[in-house]
Amino acid sequence: MKAHLLQVATTPNRSFSVRKEPIPNINNRWHCHKEVELVHFHRGSGTQFVGDSIRRFAAGDVVLIGANLPHYWHYDEEENESCKDKSARLPYATVVHFTENFWGDSFLGLPENKSLKMVLDRARRGLFLTGPIGQRLAQRMEALCHLEGTLRLMALMECLLIASEADERNYLSSLGFRYESSEVENERINAIYAYTLSHFHDKIKLQEVAAISGLVPNSFCRYFKSRTGKSYSQFLLEIRVGNACKLLINEKMSVKQVCYESGFNNFTCFYKKFKLITGKSPLMYQRAHSISRPQRELADVVN
């Protein structure tokens, strides 16, 4: 995929950036940057794209995105509406940006920093950090926001050392995902994303989405597969199943209502595809998350 190259703002008296996001969808497009990104979501939910991974995200999630790995968080519509409320509320996320070598080219080469170098290398596939690791990391990120000087640097190192405890189950993007940094096709891929996220509830004709990208259907299919490693139909299916997961967890709907609200026209097809992607039937998924809901295990949807 071709992602928008984002310039991350820095200040003269800071070697890396820490900020609170007051509204959702500040960077609501497929983008990348040279900085490593560490984000903790405080509120809101939506669809997360990291490399070739598509899954749900929700409050409490922590994600580590490596340098030049394209990503995109699309908040649900209700979050876009709620951001119009200007009253003081929790920020949507805490975000940390830093370049891999901001502490000097030789620092990561020190034998004592082997774990730091390794986690930054692993972050190039994206890491989803949950459970005790995610909770500890979120707490340390919050402390980082209030520290200055050397303590600030030490807190960032602690965050990365906690993230280094993650294993292969925490990867987001697949091992085979490759990205060449270029902005040539930025507008095209963002148009495909925007159209799909706006129309997945309805029947999407291949001719329609191909026209959005300025291609004929056959060329569009080859183009999309070559850039993402998956067919457009698989991409659309993952978006719809992700939405179904959200509705099963958060809404008081029957499974059949969820089926049709997520863009499926056939319940048997919905049942089979949902189980294929999540490993559970829709009803089992709903019951499992109803039981574990207080524990915030909401993000094991699509990978």
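The main-chain N or O of Leu90 is found under 3.5 Å from a side-chain atom of Arg43 such that the two form a donor-acceptor pair. For Ser213 (side chain) and Ala210 (main-chain N/O), a donor-acceptor pair under 3.5 Å exists by modelled atom type.
In this structure, Lys256 forms a cation-pi arrangement with Phe267, its terminal cationic atom sitting closer than 6.0 Å to the ring centre and no more than 45° off the ring axis.
By the 4.5 Å heavy-atom criterion applied to side chains, Leu108 and Trp103 are counted as neighbours.
Salt-bridge annotation for Arg124 and Glu100: present, with a side-chain N of the basic residue lying under 4.0 Å from a carboxylate O of the acidic one. Ion pair Glu142/Lys20 flagged as a salt bridge, since at least one NZ, NE, NH1 or NH2 atom sits closer than 4.0 Å to an Asp/Glu carboxylate oxygen. A salt bridge links Lys230 to Glu238: at least one charged side-chain nitrogen sits closer than 4.0 Å to a carboxylate oxygen.
Shown here for Ile204 and Arg240, the closest heavy-atom pair between the two residues is N-NH2, 4.1 Å. Heavy-atom minimum distance, Glu208 versus Tyr195: OE1-OH, 3.1 Å. Of all heavy-atom pairs between Ser262 and Asn243, the closest is OG-ND2, 3.2 Å. When all heavy atoms of Ile192 and Ile212 are compared, the pair lying nearest together is N-CG2, 4.3 Å.
No more than 12 heavy atoms of other residues, nucleotides or ligands lie within 6.0 Å of NZ in Lys273, so this atom counts as exposed by the packing criterion. A 6.0 Å sphere centred on CD of Glu158 holds more than 12 heavy atoms belonging to other residues, nucleotides or ligands.
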In a table with atom names and distances, give each donor-acceptor pair under 3.5 Å that connects a side chain of residues 112-122 to protein atoms at least two apart or in another chain.
unit_1: Asn113; atom_1: ND2; unit_2: Phe107; atom_2: O; d: 2.9
unit_1: Lys117; atom_1: NZ; unit_2: Asp121; atom_2: OD2; d: 3.4
unit_1: Arg122; atom_1: NE; unit_2: Tyr171; atom_2: OH; d: 3.0
unit_1: Arg122; atom_1: NH1; unit_2: Ala166; atom_2: O; d: 2.8
unit_1: Arg122; atom_1: NH2; unit_2: Ala166; atom_2: O; d: 2.8
unit_1: Arg122; atom_1: NH2; unit_2: Asp167; atom_2: O; d: 3.3

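Grouping Ile, Leu, Val, Met, Phe, Trp and Tyr residues whose side-chain heavy atoms lie under 4.5 Å apart, directly or via other members, places Leu151 in a hydrophobic cluster with Leu147, Met154.
Every residue two or more places apart in sequence or in another chain that forms a side chain to side chain contact (heavy atoms under 4.5 Å, CB included) with Leu206 is listed here: Val209, Pro217, Phe220, Cys221.
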